[in-house]
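Worksheet for the structure shown next.
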2 protein chains.
Amino acid sequence: MTDTLQRLLVKLKRRSRFDAADEAALLGLPFTVKTLEPGHYLVRQGERADFTCVLLEGFAYRQKIVGDGGRQIIALQVPGDAVELQNSLLKIADHSVQALTAITMARIPRVDLLDIAARCPAIAHAFWLDTLVDGSIAWEWIANIGRRDAQMRLAHLLCECAVRLEVVNAASGDSDTLPMTQEQIGDALGLTPVHVNRMLKLLELDGLIARRARTIVILDAVRLRSVADFQSAYLHLNLLED
Amino acid sequence: MTDTLQRLLVKLKRRSRFDAADEAALLGLPFTVKTLEPGHYLVRQGERADFTCVLLEGFAYRQKIVGDGGRQIIALQVPGDAVELQNSLLKIADHSVQALTAITMARIPRVDLLDIAARCPAIAHAFWLDTLVDGSIAWEWIANIGRRDAQMRLAHLLCECAVRLEVVNAASGDSDTLPMTQEQIGDALGLTPVHVNRMLKLLELDGLIARRARTIVILDAVRLRSVADFQSAYLHLNLLED
DNA sequence: CGTAACCTTGAGTAATGTCAAGACTGGTGG
DNA sequence: CCACCAGTCTTGACATTACTCAAGGTTACG
């Protein structure tokens with residue numbers, strides 16, 4: 001169907017302006033839809049990636065395995081994200097992408113993506129901006145992991161997830177929630193699962209969050225943000241208005 | 001003079017192919033040359049950046065200040081890098097860029113850069129790739145800070161700097177070296193300067209590096225890389241051949 | 001030759017990791 | 001419907017890494 005890629009279009013339009021021809025070209029991209037179970041790989045480190053995947057439903061994360069076997073989650077991806085721009089354009093994947101939940105995605109051949117970028121400057125610009133924002137998020141993660149203590153780090157991640165999910169949920173009408181295990185949270189923050197557990201308990205005792213049936217609910221977003229030193233500027237959500 | 005932007009061209013051509021028109025357009029970009037003393041700002045967090053700066057000589061770094069006053073260096077920039085793509089296209093700078101050494105740079109108005117990207121798909125693609133590589137480096141830094149201990153982290157940074165400097169020095173014929181203080185190294189690695197000092201001593205005792213007059217010399221690159229768990233794939237230096 | 005910035009080192013402290021055991025949860029098959 | 005099982009969560013005791021504070025040494029530069 002023609003509106004499968006709508007989600008990608010909606011996302012890109014949050015930061016770029018398209019004319020009718022651009023929109024038609026984007027929605028006209030060839031693709032195949034695939035579904036994946038939790039834990040399955042979209043791409044493995046070291047592989048050649050000839051497709052770009054647009055996440056339609058569900059969540060994914062990027063990860064690197066370091067020498068001693070440790071894992072670091074380096075990014076989270078939500079529906080609408082084009083998760084394989086990086087690995088696809090850089091050809092040899094320098095990290096893996098894995099499904100966090102069950103996902104559906106649209107796979108677009110690299111050549112078609114490059115072709116549309118060459119023909120439609122506005123679309124090329126939109127993808128470029130998207131990449132810049134991903135970089136901006138990565139830099140914030142560096143600051144988060146490098147210079148904040150465990151409690152702030154965790155609070156910051158919770159704030160980021162809340163904001164990004166809000167945007168996605170608003171776009172889709174759903175109200176998804178991110179079902180990460182404490183081990184995964186730890187791997188995203190450079191902490192051990194045990195310590196994540198303790199910090200969650202701390203945040204809960206402070207009345208900032210609640211935990212029910214393995215999902216985390218933010219009770220006091222204002223205070224959580226101040227604990228986390230969280231400012232959403234780095235997500236560049238309102239680029240059109242700047 | 002017309003070859004001031006040569007350095008940028010050389011860098012982009014490492015990863016993209018241009019025809020004569022593309023090269024002429026790039027070299028024809030309007031710019032003004034500026035010099036900056038060590039420690040001076042190219043852009044400050046929160047400011048609006050209307051220029052993109054191409055580093056011609058010297059080094060710079062990007063940094064974020066977190067809530068409690070701590071500083072995290074999130075990226076290093078070497079000659080040839082277009083250091084303000086991010087802040088310039090995202091309009092409001094979400095981090096600062098500061099001169100590490102005395103630098104000279106070419107400032108290109110944002111509108112001209114956007115214009116050339118819209119007119120020359122190959123150039124737009126080259127900038128996009130460049131941004132992707134910056135993101136790839138950021139992700140490696142996340143893994144480095146999040147999942148390696150202090151000694152590995154430091155060794156990894158030294159390996160990265162060595163490789164990147166080698167590329168730049170080969171391009172320019174110089175043999176620059178990165179004069180970071182131990183405090184700056186610590187801020188790049190999420191460590192305190194005191195601990196950086198101890199880890200340097202450790203690496204020196206192991207015969208991996210030597211220190212003379214405040215510069216670090218790598219004595220055993222092979223062993224240092226293995227200590228660091230360093231693989232240069234994430235720098236994507238050989239993209240044309242992949 | 002004096003000064004400021006930087007480096008070096010030691011001693012004590014705080015944050016986070018490690019190991020291990022038990023409790024909970026959700027799904028599966030009998 | 002129940003029992004079981006694997007995966008996850010929770011907690012405690014202890015180990016280790018990295019941080020803090022502080023003092024003295026070194027280097028570059030005016």
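Order of the sequence lines fixes the chain letters, A, B, ..., with proteins taken first and strands second; residue numbering starts at 1 for each chain.
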Nearest 0.5 Å please: distance from the CD1 atom of A/I185 over to the CG atom of A/L200.
-> 5.5 Å

Just how far is it from atom CD1 of A/I142 to atom NE2 of B/H95, taken to the nearest 0.5 Å?
-> 10.5 Å

Any donor and acceptor pair, going by atom type alone, linking the side chain of [X] with main-chain N or O of [Y] inside 3.5 Å?
| X | Y | value |
| --- | --- | --- |
| B/R153 | B/L189 | yes |
| A/T181 | A/Q184 | yes |
| A/R147 | B/R71 | yes |

Would [X] and [Y] pass as an ion pair if we require N to O under 4.0 Å?
| X | Y | result |
| --- | --- | --- |
| B/R62 | A/E140 | no |
| A/D187 | A/K64 | no |
| A/D130 | A/K11 | yes |

Considering only heavy atoms of chain A and a distance under 4.0 Å, specify the first and last nucleotide of DNA chain D in 5' to 3' order that meet this criterion.
-> D/dG7 to D/dA13

Using distance alone, with no hydrogens and no angle criterion, decide if B/Q98 and B/Q63 have a side-chain donor and acceptor under 3.5 Å apart.
-> yes

Helical bend (five base pairs per end, nearest 10°) for the helix from C/dC1-D/dG30 to C/dG30-D/dC1 =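 Answer for the end axes of this duplex: 40°.
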
How are the rings of B/Y234 and B/H156 set relative to one another: parallel (under 30°), tilted (30 to 60°) or perpendicular (over 60°)?
-> parallel

B/S/- contact track for nucleotides 8-24 of chain C, protein heavy atom under 4.0 Å | BBBB----BBBB-----

